[in-house]
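Everything below concerns the one structure shown next.
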Amino acid sequence: MSVMGLFFIFIATVAIMWLVRQGVMESPWLEEGEVAHYRRAGGAEPPTAGRVGLAVFLAVAGCLFSLLAAAFFMRGDAPDWQMPPIPGVLWVNTFLLAASSVALQVAVFAARRADAERVKTALLVGAVTAALFLIGQIWAWRELLELRFFASSNAANAFFYLLTGVHALHLIGGLVALARTTDKVRGAERVTKALTTSVELCAIYWHFLLFVWLLMFAMLIGWADGFGAICRRLLS
Amino acid sequence: MSIAIAMVLVVAGSILFHVLSPWRATPIASNWGFIDDTMGLTFLVTGAGFVAVILFMAYCLYRFRHVPGRRAAYEPENQKLEAWLGIVTTIAVIILLAPGLLVWGQFITVPKDAMVIEAVGVQWSWSFRLPGADNQLGSSDVRYIDTTNSMGLSPADPKGQDDLLIASSELHLPIGKPVKVLLRSIDVLHDFYVPEIRAKMDLVPGVVTYFWFTPTKIGEYEILCAAYCGTGHPQMRGKMVIESEADFETWRTAQQTFEQSRKSDASRDKRASAQ
Amino acid sequence: MTDASVPQNVAPPPAEVPDVDLYHAHSWITKYVFSQDAKVIAIQYAGTAITVGILALVLSWVIRLQLAFPGAIPFIDANVYYQSVTMHGMIMVVYMLTAIFLGGFGNYLIPLMVGARDMVFPYVNMLSYWVYLIATLVLVSSYFFPGGPTGAGWTLYPPQSILTGTPGHEYGIILMLVSLILFIVGFTMGGLNYVVTVLQARTRGMTLMRMPLTVWGIFSAAVMALLAFPGLFVACVMLLLDRTLGTSFFMPSLVELGERKDYVGGSPILFQHLFWFFGHPEVYIVALPAFGIVSDLISVHARKNIFGYRMMVWAIIAIGVLSMVVWGHHMYISGMDPWFGFFFAVTTLAIAVPTALKVYNWVLTLWHADIHFTTPMLFALGFLVTFVNGGITGLYLGNVIVDVPLSATLFVVAHFHMVMGIAPVLVIFGAIYHWYPKITGRMMDERLGKIHFWITFLGAYAIFFPMHYLGVLGMPRRFYEMGETAFVPASAATLNIVITVIALAVGFAQSIFFYNLFKSLKYGAPAGGNPWRAASLEWQTPETPPGHGNWGKHLPVVYRWPYAYSVPGAPEDYLPQNAPPVRGERSP
Ligand code: HEM
Ligand SMILES: [Cu+2]
Ligand SMILES: [Cu+2]
């Protein structure tokens with residue numbers, strides 16, 4: 001629950017600060033004229049719709065993962081809770097996903113420098129490492145299933161599959177978007193502004209998924225137990 | 001125009017209905033008169049608000065209806081008026097909330113000397129358990145449930161051996177003594193609900209919930225289930241009998257303990273297998 | 001420019017959208033079926049929502065008939081009753097109200113009201129509708145599976161919802177959960193569009209504080225829905241796994257009808273937290289768009305600016321924020337830690353303050369106004385009465401200790417029908433009467449509209465007002481028959497019959513509306529572009545109905561707020577948002 005609380009306070013603060021900046025406290029609405037009140041921070045370029053869209057989507061996905069985490073901690077209180085052993089391959093996966101994130105960031109830098117060749121390689125590396133991550137996740141599932149840690153035998157196992165599964169689905173969705181971007185880059189003569197934006201969006205999404213994965217991994221291997229204990233103390 | 005009249009009629013009709021309605025809260029039979037008082041207070045405050053807002057609106061509708069030549073005023077806002085309305089509303093809300101929270105505080109603090117009993121819900125009937133001579137209820141778990149142990153009492157727990165089991169859906173309680181009702185469900189959500197005592201609480205499988213009250217009126221009351229629990233939900237009934245201390249003792253001594261019930265079951269089984 | 005404080009380095013946004021950014025339909029199919037035009041998607045959404053809404057209405061007759069004449073109607077048994085209650089509730093709340101306000105009115109009005117050519121992601125917008133349609137079809141298809149639809153109650157509380165004591169535990173519950181998951185996926189796509197369009201596609205001069213309250217309402221509802229629906233999503237996915245794979249997220253060890261189940265350790269209360277984390281905001285997801293629309297209806301038809309626009313916006317924001325932290329008021333007697341009761345009672349009653357301020361401002365808008373009793377106005381006024389009535393009973397249920405005797409009784413049913421059933425439905429009708437001329441170019445019949453209003457408003461009030469008293473008496477909800485119960489007098493049964501008769505009459509009276517809706521399509525009086533003489537942008541389109549791209553060649557430029565009605569010195573009693581100011585004219 002407190003995970004949720006933290007997330008919610010974060011979102012609410014961002015939203016309210018933004019609204020205040022947009023002038024909800026003032027009364028420009030009573031003035032008349034073409035642009036009664038157009039204020040933007042330092043005249044910087046306005047964000048594109050895609051970027052705003054992604055930001056909103058990340059808020060939604062963040063909400064989803066926070067709720068899952070809240071459920072994880074609440075359910076984890078029950079006496080029957082027994083975490084499964086963590087397959088070693090997850091460490092490799094973590095490394096792969098981080099590498100994927102780095103690759104996409106390299107692609108962003110390359111795109112900004114209009115280095116089309118470099119963008120292509122970096123995107124490819126990013127996609128391949130991400131795909132390897134997914135295969136690694138399936139590997140981890142198989143390993144657990146072979147050791148007979150079924151979803152139905154303990155809720156902790158079920159949470160393991162659920163969390164990694166939902167995360168993987170998000171990554172698969174990301175891969176679709178990445179594939180389309182790669183396709184566009186391949187067809188393009190030079191790196192246009194729109195392309196750079198696409199690459200940037202992919203990279204942001206990747207960093208988000210990496211961030212979520214790191215927190216999730218910490219939860220699964222029990223590093224977050226302390227946090228769960230704090231929540232419990234706060235609640236009682 | 002007619003809408004202004006209709007609004008006055010709606011207000012008048014609502015008040016009239018309230019005054020004439022034969023459907024009122026059941027006569028209270030517990031110590032939770034405070035709940036009724038808080039509800040009465042809420043009715044007065046909110047009712048006054050409802051009447052004031054709707055009648056004011058009706059007046060505006062009548063007074064400022066369109067007639068040829070009328071032009072509305074231009075009045076973007078009036079911060080002072082809005083602030084005042086905000087303050088008055090806040091005060092009204094605090095008037096409602098403060099007593100409510102106080103009574104809730106009592107509701108969740110069980111008196112030390114409360115007699116502890118247990119109500120067990122199962123699709124779709126009630127059963128009860130009272131502590132025996134040791135004044136303590138034994139532990140329980142769904143794992144122990146079988147045909148001779150429908151409430152799942154732990155057979156090994158010495159505290160549970162003398163517990164009185166009441167399978168007949170009829171619970172007796174002495175008047176004037178606070179009771180803490182432990183609630184346990186064996187299958188799905190149920191809710192122990194006797195309208196006359198006002199209090200109610202869910203039964204949640206896997207955990208033991210509770211609430212408390214003091215019976216204040218001798219009589220027989222119907223126990224209902226107030227949490228939807230499947231197709232038999234409306235048929236899940238029980239009876240609660242509030243009686244004098246002496247009557248209650250007589251009734252209690254006539255109940256079977258857990259130990260006795262297991263013995264009689266066992267002997268019945270033996271007889272059955274001997275035949 | 002009258003505002004000297006505007007920093008000079010800021011370039012106003014362009015008044016032109018490059019043509020390449022606009023989507024063009026090339027065939028009949030892409031124009032009317034797989035359309036990416038928000039206006040067509042809006043009609044598709046609304047049409048689907050109203051269709052399932054009618055199904056839900058018919059189901060409410062089944063419920064009412066059983067309550068009035070228990071056992072007398074041959075085809076209604078306990079299974080059918082509970083299935084009807086469940087489907088009625090779920091359809092009305094999610095598939096009808098949410099879909100019509102956000103998918104229907106949101107799609108139609110947001111781009112027009114903020115001066116955009118379309119939603120920012122038209123393709124995603126189209127997908128959103130089709131996923132929604134599939135979700136409703138999956139839900140309705142549960143009638144054709146063995147066991148029928150689920151009868152778990154719209155709250156779907158485990159353990160009961162997936163156990164055998166509940167009708168539809170075979171397939172109905174699975175289809176319900178799958179359908180909800182699909183709905184949420186579809187809604188998220190639409191919701192992203194509504195939010196980003198408001199943030200990004202506002203035309204030149206349309207600052208946030210110059211948006212009509214309708215846009216504010218739909219915008220904040222969309223934001224809330226985006227944050228709240230994940231709660232339902234998580235709950236549904238986990239419940240689905242409990243049902244299909246035998247996991248124990250929510251399922252404790254239990255013995256059902258003498259049979260020991262394999263579940264162990266799960267927490268039914270966890271489900272309730274997740275469900276109500278969505279469920280309460282859902283109330284406001286339905287209410288906020290209604291708030292916004294009602295503000296505009298009242299302002300236009302009373303020819304007066306909405307009173308206290310800023311307060312209205314702040315109240316919407318405050319309600320939006322607060323309503324994310326009040327879900328526990330549905331769980332006062334759920335067995336959760338009783339100390340939560342204090343917290344949730346305080347937050348819940350705190351919400352009453354901004355809500356009350358909104359009511360005051362609506363009513364104060366009528367003060368010194370010039371009120372035209374058109375059909376949309378009547379519906380808006382009807383909303384005020386039912387909403388105030390339902391709002392004050394909310395104060396009973398929010399105040400934790402008063403909720404204890406009332407929860408799970410018919411008082412709750414009466415309360416939420418007043419506040420989130422009848423009130424928003426009245427707004428939907430009012431909004432349809434109001435915007436129909438813009439959508440079709442023809443007026444609806446006023447006389448039929450008024451008849452429809454009187455029957456619906458008075459009838460609905462008469463259905464649900466007396467029901468509170470049955471709740472105070474102690475009659476529980478979700479009882480398919482009361483049977484012999486000592487504390488229930490015989491007169492309660494009489495009242496139930498009266499309520500049912502009115503409910504049937506009100507239900508059938510809706511045919512007047514549908515007759516009007518279809519008749520006016522062809523025979524309605526031509527409306528012209530702006531029949532209500534309204535100031536907001538959607539009435540200023542060059543064509544009516546608005547053409548593809550909404551605005552012809554040039555996007556409108558906005559010069560003032562949308563409530564410039566009866567401005568002193570102005571020649572007309574309204575100034576359109578995009579009418580350039582006359583030089584030397586006094587700024588209002
Ligand atoms: C004239 C129209 C309507 C009538 C006559 C009606 C009647 C009823 C009745 C009799 C019940 C069952 C109460 C019980 O549990 O005993 C019910 C439940 C419900 N209704 Fe309606 N209703 C109407 C419209 C609506 C609307 C517009 C909504 C939208 C919010 C709605 C939402 C619900 C919900 C959420 C439930 C609870 C279902 C459950 O208990 O699982 N109803 N309705
Ligand atoms: Cu029940
Ligand atoms: Cu709520």
Side-chain angles (χ1 to χ4, degrees), chain B residues 3 10 14 21-23 25-26 35 38-39 42 46 49-50 53-54 56-57 60-61 64-66 70-74 76-77 82 85-86 89-90 93 96-97 100-101 103-104 107-108 123 142 145 186-189 195 198-202 204-206 209 222 224 226 228-231 234, chain C residues 78 153 157 159-160 165-166 252-256 268 303-305 308 311 333-335 338 341-342 349 352-353 356-357 360 363 366-372 378 381 385 388 392 395-396 399-402 404-405 408 469-470 472-474 476 478-481 485-487 491 566-568 573:
Chain B
I3 182 87
V10 163
S14 303
S21 154
W23 306 289
T26 46
I35 296 184
T38 321
M39 203 188 301
T42 313
T46 58
F50 178 69
V53 169
I54 306 296
F56 177 78
M57 187 157 77
C60 289
L61 293 178
F64 304 111
R65 69 189 183 281
H66 176 70
R70 184 189 302 282
R71 200 175 161 121
Y74 187 71
E77 62 182 3
E82 289 170 73
L85 286 173
T89 313
T90 312
V93 163
L96 299 184
L97 191 56
L101 292 185
V103 183
W104 179 249
F107 187 78
I108 65 178
Q123 280 172 333
V142 279
I145 294 181
I186 284 166
D187 40 37
V188 302
L189 299 173
R198 300 300 185 258
K200 62 160 91 75
M201 187 56 73
D202 275 5
V204 183
T209 54
E222 191 139 6
L224 287 78
Y228 175 53
C229 53
T231 42
Chain C
Y157 279 0
Q160 158 264 323
T166 308
S253 11
L254 54 88
V255 175
E256 205 225 1
R303 314 306 300 158
K304 188 165 173 258
N305 65 287
M311 185 60 88
I333 56 156
S334 71
F342 290 109
L349 289 222
V353 177
L357 286 173
Y360 301 149
V363 177
L366 300 174
W367 186 251
H368 284 158
D370 173 22
I371 302 165
H372 295 248
L378 291 182
L381 296 170
V385 175
V388 173
I392 59 175
L395 291 171
Y396 290 64
N399 201 351
V400 49
I401 192 71
V402 186
V404 171
Y469 289 83
L470 295 181
V472 171
L473 170 69
R478 293 174 169 175
F479 264 41
Y480 91 99
E481 58 182 5
T485 307
F487 71 87
S491 58
S566 306
V567 179
D573 69 352

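Chain letters run A, B, ... following the sequence lines, proteins first, then strands; residues in each count from 1. What you see is a predicted model; the values in this text were computed from it and never measured.
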Whatever's closer than 4.5 Å to a heavy atom in chain B on C/Phe479 counts as both

Under 4.5 Å from any heavy atom of chain C - which part of B/Pro195:
side chain

Kindly indicate whether the side chain of C/Ile333, heavy atoms from C-beta on, has any atom under 4.5 Å from the side chain of B/Met201.
yes

For chain B, the option from C/Pro476, C/Gly335, C/Gly165 that forms the most heavy-atom pairs under 4.5 Å
C/Gly165

Can you tell me how far apart CD (C/Glu256) and CD1 (B/Ile186) are? Round to the nearest 0.5 Å.
12.0 Å

Starting at CG of C/Leu349, measure out to CG of B/Leu97 and round the result to the nearest 0.5 Å.
4.5 Å

Check whether B/Thr46 gets within reach of chain C through its side chain, its backbone, both or neither, counting any heavy atom under 4.5 Å.
both

Where does B/Ile3 contact chain C at under 4.5 Å (heavy atoms): side chain, backbone, both or neither?
both

Can you name the nearest heavy-atom pair linking C/Pro268 to B/Leu189, along with the distance?
CB-CD2, 4.4 Å

Under 4.5 Å, counting heavy-atom pairs only, tell me which of C/Val388, C/Asn399, C/Asp573 racks up the most with chain B.
C/Asn399

Of the listed residues (C/Val404, C/Val353, C/Leu378), which shares the most heavy-atom pairs with chain B below a 4.5 Å separation?
C/Val404

Measuring only between side-chain heavy atoms, which start at C-beta, is B/Trp104 closer than 4.5 Å to C/Val402?
no

Kindly indicate, with the supporting measurements, whether the criterion side-chain contact (heavy atoms from CB on, under 4.5 Å) is fulfilled by B/Met57 and C/Val385.
CA-CA 9 Å; B/Met57 187 157 77; C/Val385 175; 3.9 Å; yes

Can you tell me if C/Lys304 uses its side chain to pair, donor with acceptor, with the backbone of B/Tyr74 under 3.5 Å?
no

Please classify the contact of B/Ile54 with chain C as side chain, backbone, both or neither, using a heavy-atom distance under 4.5 Å.
side chain

Can you find a pair of side-chain heavy atoms, one from C/Val400 and one from B/Leu101, that are under 4.5 Å apart?
yes

How about B/Leu96 and C/Leu395: do any of their side-chain heavy atoms sit closer than 4.5 Å?
yes

Validation row: C/Pro568, B/Arg71 side chains within 4.5 angstrom (heavy atoms)
no

Check: C/Tyr480/B/Thr231 side-chain N/O donor and acceptor closer than 3.5 Å
no

Specify the closest pair of heavy atoms between B/Asp202 and C/Ser334, including all atoms of both residues, with the distance to one decimal.
OD2-CA, 3.4 Å

Name the region of B/Val204, side chain, backbone, both or neither, that has any atom closer than 4.5 Å to a heavy atom of chain C.
side chain

Nearest heavy-atom contact between C/Glu481 and B/Pro234 is O-CB, 3.4 Å

Please look at B/Tyr228 and chain C and tell me whether the side chain, the backbone, both or neither of the residue comes under 4.5 angstrom of a heavy atom of that chain.
both

C/Pro252, part contacting chain B, at a heavy-atom distance under 4.5 Å:
side chain

Selection from B/Thr90, B/Thr38, B/Val188, B/Thr26 maximising heavy-atom pairs under 4.5 Å formed with chain C
B/Val188

Report the option among B/Ser21, B/Gly230, B/Ala199 that has the most heavy-atom pairs separated by less than 4.5 Å from atoms of chain C.
B/Gly230

Test log, rule side-chain contact (heavy atoms from CB on, under 4.5 Å), inputs B/Phe56 and C/Val363
CA-CA 8 Å; B/Phe56 177 78; C/Val363 177; 3.1 Å; yes

Bottom line for C/Ala356: the part with an atom under 4.5 Å from chain B's heavy atoms is side chain

If you tally heavy-atom pairs under 4.5 Å between each of C/Pro338, C/Ala352, C/Gly153 and chain B, the highest tally belongs to C/Pro338

At a heavy-atom distance under 4.5 Å, which candidate from C/Ser491, C/Gly341, C/Ala486, C/Ala408 has the highest pair count against chain B?
C/Ser491

Residue B/Ile145 versus chain C: region with a heavy atom under 4.5 Å
side chain

Check whether any side-chain heavy atom of B/Phe64 lies under 4.5 Å from a side-chain heavy atom of C/Leu366, and answer yes or no.
no

For B/Val103 and C/Ile401, work out which heavy atoms get closest and say how close.
CG1-CG1, 3.5 Å

Against chain B, label C/Tyr157 side chain, backbone, both or neither, depending on which of its atoms sit under 4.5 Å from a heavy atom there.
side chain

The reported gap from CZ in B/Arg65 to NE2 in C/His372 (rounded to nearest 0.5 angstrom) is 12.5 Å

Rounded distance (nearest 0.5 Å) linking atom CD of B/Glu222 with atom CZ of C/Phe487
7.0 Å

Side chain, backbone, both or neither of B/Gln123 within contact of chain C (heavy atoms, under 4.5 Å):
both

What part of B/Ile108 gets closer than 4.5 Å to chain C, counting heavy atoms only: side chain, backbone, both or neither?
side chain

Interface residue of largest heavy-atom contact number with chain B, from C/Val255, C/Thr166, C/Leu470, C/Thr485, under 4.5 Å
C/Val255

Nearest 0.5 Å please: distance from the CG atom of B/Leu61 over to the CD1 atom of C/Ile371.
5.0 Å

So what's closer than 4.5 Å to chain C heavy atoms on B/Ser14: side chain, backbone, both or neither?
both

What residue in B/Gly206, B/Ala226, B/Gly100 has the most heavy-atom pairs under 4.5 Å with chain C?
B/Gly100

Quick one: closest heavy-atom pair of B/Lys200 and C/Pro405, and the distance?
NZ-O, 2.9 Å

